[in-house]
Every structure is written in C-alpha cells, then in structure tokens.
Participant: 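My structure is below; once you've seen it, I'll send some questions.
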Protein chains: 2
Amino acid sequence: MTVVSLSSPRRAANQRRRAPQIIEAAARVFAERGFHGATTQDIADALGIRQASLYYYFSSKELALELVCLKGVEGFFEAGKAIAAGLGSARERLILLINSHLSPLIDRRDFVKVFLNERQHLPAESRRRIGRWSRGLERIFEDVIKEGMAKGEFRADLDPRMATLAILGMCNAASSWYRKENAPIPYIAGEFVRLVIDGLGKPAAKRRPRRR
Amino acid sequence: MTVVSLSSPRRAANQRRRAPQIIEAAARVFAERGFHGATTQDIADALGIRQASLYYYFSSKELALELVCLKGVEGFFEAGKAIAAGLGSARERLILLINSHLSPLIDRRDFVKVFLNERQHLPAESRRRIGRWSRGLERIFEDVIKEGMAKGEFRADLDPRMATLAILGMCNAASSWYRKENAPIPYIAGEFVRLVIDGLGKPAAKRRPRRR
DNA sequence: GAATTTTTCTATAGGTCAATAGATGGAATT
DNA sequence: AATTCCATCTATTGACCTATAGAAAAATTC
C-alpha cells in the first residue's frame, strides 16, 4: 500500500540537463546589459541556440530573472545566520560576515550583480520575497554590531543602522569593480575588515602591533 | 566690422522654458524604472503632456539620459578638486570630500542615482566622457588618502586603492537607501566619517574623548 | 489685433521583442 | 524496429515603443 508505484522506473533525471548553463548565460547577459536592456535573443546568442528555444527552459523572461536572482542570494542568508548565531566575539563574527558576504563574488559574480542591480524589476511577488531575504541579512549585520556595542567591543556612540548600511554598501559595490581591479577576494575582504574595525586614522595612543 | 548684429535684440531667452522640468521628470522616471525599463510615455505621463511632445525638448531618449547624467555629476568633480587642492590636513580634506560627495543627494537624488546606475547605457562616446569624470573623482580621493599616509595622519599599512573604493562604495550606496531611511545627509556624513576615520573598534588604549 | 514664435497636439510609420504553435530530428526505451 | 520522449527548430503573431511629420493652439511681439 505504501508503494508509490513509479509509473516509469527508468525515467526523468534527464530533463532539462542544460538548465544550469541556460541560467548562467542569462546571468551573464543580464549582468552586462541589465534586465530590460537585454533581449532573449542576446541570451540565445550567448548559447548558440535560437531565441524561441529558451522557452523550453523558462516560461518568461521575468522567470529567468527570478532564477538568476535566487542563485544570487541563496546561501548568503543561511551562511550569515549561521555565523551570527555561532561562536566568537562580535568582532570575530563581523569579520566572518564580511568574508562570507564577499566570497560569492568569486564564483557567482554575475548572479550577485544581477541580484543587486536588477531585482527591482522582478514581478511584485518575487520581489517582496527576495526583499525579505535582503532585510534579513541587514538585520544579521546590525544585530552583531549592536551586540558588539553592548559588550564593549565596539564604540558605544555608533549608529548601528548607519554602520550596517555603510558596510553593506561597501561590500556590495565590490560586485561592480571586482572585475576591473585585480585583487583577490580574500585580500579585498582583509582590507575592508581593517578599515571597518580600525579605520584609516592612526590610533591616538601608541601604535598597536598589526596582524600579518 | 566687429559688430555682431543681434538681428532681433528682444529675442530668445524664452526658448524651451520648461526644459529643466522635463529633465527632472526624466530623472525621476529613470531613477524609478531604469533607463530601458522606462518609456518616454512614462515621462510624458509624469508631466501631463503627450509622449511626442517630449521630442521638442530632446531629440532622443538617450540624449535625455545624457542630460540627466550630466546633472548628476556636474559639480561633483569641480567641488572635489577644489577641496583636494585646498587647505587643511589630509584628514580634514577627506572629511570635506565625504560631505561634499553626499550632499548632492539632498536636492538631486534622482539625478545622482541615474548617473550611478544607468550611465552604462549611454552611447559609447558620452559614456567615455562621463567615465573620465568618475575616474577623476576616484583619483582625488585616492590622492588625499595617499597623502595622509605619507604624512603619517593615516595608517601606513593601508591599500589606498581599496580604501578609496570602499569609501566611494559606501557613499554611493546611500543614493539607494537615503529615501527609505530617514536620516538627514549631514548626519549620515558624520557617521560615515567616524567609521572611516576611527572604525568600529574601540581604541586599544584608554578611550579618547569624542567630539560632540 | 495681426504677425510671429513657441509649445503642444494628432496620427502614424517602422522597428523590435517576448511569447506561442507546431514541426523536426535525434536519443533512449522496449 | 517501433515507440516514446527530449531538445531544438521554423514561422509568426501581436504588443509595445521610439521617433517623425505636420497641424493646432497658446503665448509673445510688433
């Protein structure tokens, strides 16, 4: 009775094998020209297939955007939540958060870029859904900063909201210049961390020894 | 011979009186929907005139974008150059630069936003021209930071390029959230300055008295 | 108030693009 | 070998959008 009866046992598993490639091409094209500036023809050209053939993989251009955006955020939020809830001082967790926030640029630059720049063009419902993830991520950063302030690790006279927006703005901007500059992500993350924690200015008292 | 002969002395000065309004409407619409996502009909609707009437003010949608972008950068570069060449320590000038970079958001938010997000869609020539201005501005920040490092005002172990990109990313991102958050620009600038100069972390030695 | 100039309008041409329908060829399955 | 399934193709529709042409209206000047 509990037998589900797979009507065709040796079936499926083959369906839409190229789907990941198709979405990656869409990501590349959307990243380069923007959602509305890109045509489905552009995506097809990038793949060497006909425009109409794309519709075997997605039912609308907007859905393609949604799939790209999803790959652009997926992981971000989960990873952030794990770090925020994990061990370590607020300072240590903030460092991990910044690293984790930048690392998807290594292998998913186009997806991240599209998520950041084009999500506003998603249809209302998916935009709201994805917006919730974004706000969740802001929240994670903000809570860690607040905790650091409460525990005396960070200065107490900060506006944690402004600090959050500053840090995220800084990190997110990297998606647009990471290609041109040739600095590896871990290096960028390291510089950002030092800037965020210690700032540009020399400490008033004697210079502390620097790591590395 | 040198008489230019103004054929109609009491002439001109009336032409295209509404041009600034038209461009402002374009800025608003481009900021909201993006260049390719916006139609000339949208702009006309925002003004309460007919779509074709816009072409009395600009000869193509792309030219409208260029006019908006120009208003988005104009002043930025000049003001930055004056500050960089002016008096004061590197630290003081960096503070002025950050303030000056954020202040256009007060009365030209849409123009700045369009410049930042849509300039990629300008036709090749004007894109290059405007790109030169952008790079000039990066240069100004970078030079002040380098000077501060050389003079011992800033830490010497910074990567000035990374610091520049971090600061500009942080400031530019404000154009996208300034509307939602309700913090006044001078307040935002103040918070950013403290973060950039001193960082989040408490100084290792005893706490210095904070301004304000 | 007639003439001229400026601004806006109607109408439409011409192009581009997303999306659908149905055919075709090849691979896997029986 | 026949059948079923997967992927891509050709052809086309219908909507939308920029830009032009020329008429009408409103404002300004003489």
Side-chain angles (χ1 to χ4, degrees), chain A residues 5-30 32-69 114 118 121-124 126, chain B residues 5-30 32-68 114 118 121-123 126:
Chain A
S5 164
L6 302 158
S7 53
S8 3
R10 192 99 341 195
R11 182 58 61 66
N14 329 19
Q15 232 144 346
R16 265 147 266 228
R17 239 183 292 235
R18 297 184 69 191
Q21 271 177 266
I22 308 292
I23 293 303
E24 198 186 318
R28 215 172 327 136
V29 171
F30 288 160
E32 191 168 305
R33 318 204 179 185
F35 176 66
H36 286 296
T39 67
T40 51
Q41 184 66 62
D42 294 332
I43 302 174
D45 289 348
L47 289 159
I49 64 176
R50 301 278 158 167
Q51 180 261 344
S53 304
L54 291 173
Y55 285 79
Y56 180 66
Y57 293 95
F58 49 76
S59 55
S60 74
K61 195 185 165 194
E62 281 181 342
L63 181 60
L65 177 63
E66 188 173 351
L67 294 174
V68 171
C69 285
V114 170
E118 310 298 332
H121 300 117
L122 284 167
S126 47
Chain B
S5 164
L6 301 160
S7 53
S8 6
R10 190 98 338 189
R11 181 57 63 64
N14 325 20
Q15 231 144 348
R16 267 147 264 230
R17 240 183 293 236
R18 298 182 69 190
Q21 271 177 267
I22 308 292
I23 293 303
E24 196 185 320
R28 215 174 325 138
V29 171
F30 289 158
E32 191 167 305
R33 317 203 180 187
F35 176 66
H36 286 296
T39 67
T40 51
Q41 184 67 62
D42 294 332
I43 302 174
D45 288 349
L47 288 159
I49 64 175
R50 301 281 159 165
Q51 180 261 342
S53 304
L54 292 173
Y55 285 78
Y56 179 66
Y57 293 95
F58 48 76
S59 55
S60 75
K61 196 187 166 193
E62 281 182 343
L63 180 61
L65 176 62
E66 188 173 350
L67 293 173
V68 171
V114 170
E118 311 297 331
H121 300 117
L122 284 168
S126 48

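In what follows, chains carry the letters A, B, and so on, assigned in the order in which the sequence lines appear, proteins first and then strands, with residues in each chain numbered from 1. All of these numbers come straight from a predicted model, not from anything done at the bench.
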Participant: Rounding to an integer number of Å, can you tell me how far A:Arg50 CZ sits from D:dA11 P?
Facilitator: 10 Å
Participant: Considering just the side-chain nitrogens and oxygens of A:Arg18, establish if one lies under 4.0 Å of OP1 or OP2 belonging to D:dA7.
Facilitator: no
Participant: Over 60° means perpendicular and under 30° means parallel, so tell me whether B:His121 and B:His36 are parallel, tilted or perpendicular.
Facilitator: perpendicular
Participant: Taking the side chain of B:Gln15 as heavy atoms from C-beta outward, which of D:dT20, D:dA7, C:dT6 is closest to it?
Facilitator: C:dT6
Participant: Taking atom CG of B:Asp42 and atom CD of B:Gln51, what is their separation to the nearest 0.5 Å?
Facilitator: 10.5 Å
Participant: How many Å lie between CD1 on A:Ile22 and C1' on D:dC6, as a whole number?
Facilitator: 14 Å
Participant: Could you check how far CD of A:Gln51 sits from C1' of D:dC9, rounded to whole Å?
Facilitator: 12 Å
Participant: Base, sugar-phosphate or nothing for B:Ser53? Non-hydrogen atoms, less than 4.0 Å.
Facilitator: base
Participant: Please find the pair of heavy atoms, one from B:Val29 and one from B:Ala46, that lie closest to each other, and give the distance.
Facilitator: CG2-CB, 4.2 Å
Participant: Checking all strands, does B:Ala38 fall into the base, sugar-phosphate, or nothing category for heavy-atom contacts under 4.0 angstrom?
Facilitator: sugar-phosphate
Participant: Can you see if the side chain of B:Thr40 gets near the phosphate of D:dT18 - specifically, an N or O under 4.0 Å from OP1 or OP2?
Facilitator: yes
Participant: How close or far is atom P of C:dA18 from atom CG of A:Leu54, stated in whole angstroms?
Facilitator: 10 Å
Participant: Check the distance between C:dA18's C1' and B:His36's NE2 and give it to me in whole angstrom.
Facilitator: 16 Å
Participant: Against the six-membered ring of B:Tyr57, is B:Arg16 placed for a cation-pi contact (under 6.0 Å from the centre, within 45° of the normal)?
Facilitator: no
Participant: Output the rounded distance in Å from OH (A:Tyr55) to P (D:dC9).
Facilitator: 15 Å
Participant: Between D:dC16 atom C1' and B:Ile43 atom CD1, what is the distance in whole Å?
Facilitator: 16 Å
Participant: What pair of heavy atoms forms the shortest contact from A:Ser60 to A:Tyr55, and how long is it?
Facilitator: CA-CE2, 4.1 Å
Participant: Got a second to check how far B:Leu47's CG is from B:Arg18's CZ, nearest 0.5 Å?
Facilitator: 6.0 Å
Participant: Quick one: which of C:dA18, C:dT7, D:dA7 gets closest to the side chain of A:Thr39?
Facilitator: C:dA18
Participant: Looking only at side-chain N and O atoms, does B:Gln41 come under 4.0 Å of OP1 or OP2 in D:dC16?
Facilitator: no
Participant: On a heavy-atom basis, which atom in B:Glu118 and which in B:Phe30 lie closest, and how many Å separate them?
Facilitator: OE2-O, 4.3 Å
Participant: Just the rounded figure in Å: distance from C1' of C:dT6 to CD1 of B:Ile49.
Facilitator: 14 Å
Participant: Under 4.0 Å, heavy atom to any atom of DNA chain D: which of residues 56-68 of chain A qualify?
Facilitator: A:Tyr56, A:Tyr57
Participant: I want to check one thing: is the phosphate of D:dT28, taken as OP1 and OP2, less than 4.0 Å away from some side-chain N or O of B:Arg17?
Facilitator: yes
